Amino acid sequence: MNQQTIILLTVMLVLIAAIIALIAFLRMRMHRRRVALLQQRRDDQVHYAFIINPSKPAAAQTRRRIEAYCKAKGLTEVVFIETMLDKDGRVCAREALDGGADVVIAVGGDGTVRTVASALAGTEHAMGIVPIGTGNLFARNMGIPLDDIEAALTIAVSHGSRRVDLGRVNLLDDPNEDHGHAFLIIAGIGFDAVMIDDTDPNLKRNFSWLAYFLSGAKHLFAPKYRADVRIEAADRTVHTDRGLELRTFMAGNCGEIPVFSLMPDASFNDGLLDFEVIDTTGGLLGWANLFGDVVHQTITKKAKQSPLSMHSKLEQMQGYSAEVRLDRPVLAQVDGDMLPSTQHLRFSVEREALIVRVPLPDPEQLSATAQLPAVRA
């Protein structure tokens, strides 16, 4: 190994060490600021129900930490209800409300959060979140810490809330459908649903949201879909496209995912959904253009395509509802949970139907979709 190589490796190691040290410093600073803010909150001595997804690797340890935390805080009216294969968060939350719970706290990932939210919407009962899932996208958008269970618990059991919109997906061609499937982040059909459905659970567990990219690469050249799309826009006008060619159609309540912004205009409490039609042409060049579009709007914070794009389509419109009828059955997903294949479905929104306990606002730590101050509820 020559001297130049040794010098280069040494410089790289020093830079890596400096970056790690900087990240550690910033996390410590953020933690201290978070502690200072949370000390301002007033504990809420009411009846709590914790809905726990026991399939999460950290579930058992998290339950013990919750029990210790509640004991230290003097919270005595506490129950735990575990989800099961035939008993999702929606059923558990209803059981909790029937048992007299005042606040229901979802302990799990986005799937547990959305099903608990489905039952709490419109009830005026607050929902808390202790994130222990893979992506925890809704918790990220709400500013709830992912790496500090005590902080998340402090937020969940003290005053300080926001009212949040809830999206619904109704499968209009399913005779067994008995309710609209809730979503808090993004629901979609086509490529995004296929990508999620085909993601290896082991890769997801080890590589978090990056596992979706590996799955998506296998379906880049899958056949497109044709659909008739009817959208009730924000100005109450109706827009109809027949025979629209697309790879995916999405409806978003929050548009921020790790690193990227899929829907920069999406707001969780404006009473609107952000609808997005995505298509590509020209093989890999089209997908490269689409990636450039996402990067462009992530940087600019504007829902517009990159001016350099020639082989991709990223059209967005805000509205109250959308009805989609497809030429063949297609997979659908809500916040990463799979729904049965469908050819006819409707997306709608319930404005500020949900009360979510969130951190008190810190101007330096607000997420891109959390620009309004917390509402006392």
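Here the structure is a predicted model, which is why all the values come from computation and not from measurement.
Looking at Thr281 and Lys313, their side chains never come closer than 4.5 Å, going by heavy atoms from C-beta outward.
With hydrogens and angles ignored, the 3.5 Å screen pairs a side-chain donor or acceptor of Asn53 with a backbone N or O of Ser55. Listed for the Asp174 side chain is no donor-acceptor partner under 3.5 Å among the backbone atoms of Pro340. In this structure, Asn136 contributes its side chain and Ala139 its backbone to no donor-acceptor pair below 3.5 Å. No donor-acceptor pair under 3.5 Å is formed between the side chain of Gln316 and the backbone N or O of Met263. The backbone N or O of Ile189 sits less than 3.5 Å from a side-chain atom of Thr248, completing a donor-acceptor pair. Using modelled atom types, one side-chain atom of Thr115 and one backbone atom of Gly111 make a donor-acceptor pair closer than 3.5 Å.
Salt-bridge check for Glu232 with Arg236: passed, with a basic side-chain N closer than 4.0 Å to an acidic carboxylate O.
Gln305 and Asp293 are linked by a side-chain donor-acceptor pair at a separation below 3.5 angstrom, with hydrogens and angles left out of the test. Side-chain contact check for Gln318 and Asp265: no donor-acceptor pair (N or O, by modelled atom type) lies under 3.5 Å.
Applying the 4.5 Å side-chain rule to ILVMFWY residues, one finds Leu272 in the same cluster as Tyr320.
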| message | Determine whether Arg65 and Glu150 satisfy the following criterion, salt bridge (charged side-chain N to carboxylate O under 4.0 Å, His left out), listing intermediate values before the conclusion. | response | CA-CA 8 Å; Arg65 293 177 69 175; Glu150 278 69 27; 2.7 Å; yes

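Evaluation of the side-chain contact (heavy atoms from CB on, under 4.5 Å) rule for Ala101 yields Ala49, Ala96, Val104 as partners, not counting sequence neighbours. For Phe138, the ring-ring contact (aromatic ring centres under 6.0 Å, His included) test picks out no residue, with sequence neighbours left out. Every side-chain contact (heavy atoms from CB on, under 4.5 Å) that Asp197 has, sequence neighbours left out, goes to Leu331, Met338. For His181, the ring-ring contact (aromatic ring centres under 6.0 Å, His included) test picks out His179, with sequence neighbours left out.
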Identify all side-chain donor-acceptor contacts of residues 221-231 below 3.5 Å with residues at least two apart in sequence or on another chain.
unit_1: Lys224; atom_1: NZ; unit_2: Asp279; atom_2: OD1; d: 3.2
unit_1: Lys224; atom_1: NZ; unit_2: Asp279; atom_2: OD2; d: 3.3
unit_1: Lys224; atom_1: NZ; unit_2: Thr280; atom_2: O; d: 2.8
unit_1: Arg226; atom_1: NH1; unit_2: Gly243; atom_2: O; d: 3.1
unit_1: Arg226; atom_1: NH2; unit_2: Glu245; atom_2: OE2; d: 3.4
unit_1: Asp228; atom_1: OD1; unit_2: Gly243; atom_2: N; d: 2.9

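Listed by first and then second residue, the salt bridge (charged side-chain N to carboxylate O under 4.0 Å, His left out) pairs involving residues 325-351 are Arg114-Asp337, Arg168-Glu350 (not counting sequence neighbours). Sorted by first and then second residue, the ring pair (Phe, Tyr, Trp, His ring centres under 6.0 Å) pairs with a member in residues 79-112 read Phe50-Phe80; sequence neighbours excluded. Within the structure, every pair that satisfies the salt bridge (charged side-chain N to carboxylate O under 4.0 Å, His left out) test and touches residues 122-133, not counting sequence neighbours, is listed here: Glu124-Arg163. Note on residues 75-85: no pairs pass side chain to side chain donor-acceptor pair (under 3.5 Å), not counting sequence neighbours. Among residues at least two apart or in separate chains, side chain to side chain donor-acceptor pair (under 3.5 Å) pairs with a member in residues 88-107 are Lys87-Glu95. Within the structure, ring pair (Phe, Tyr, Trp, His ring centres under 6.0 Å) contacts touching residues 281-315 (residues at least two apart or in different chains) are Phe191-Trp287, Phe260-Phe291.
For the atom pair SG of Cys70 and CG of Leu153, the computed distance is 6.5 Å after rounding to the nearest 0.5 Å.
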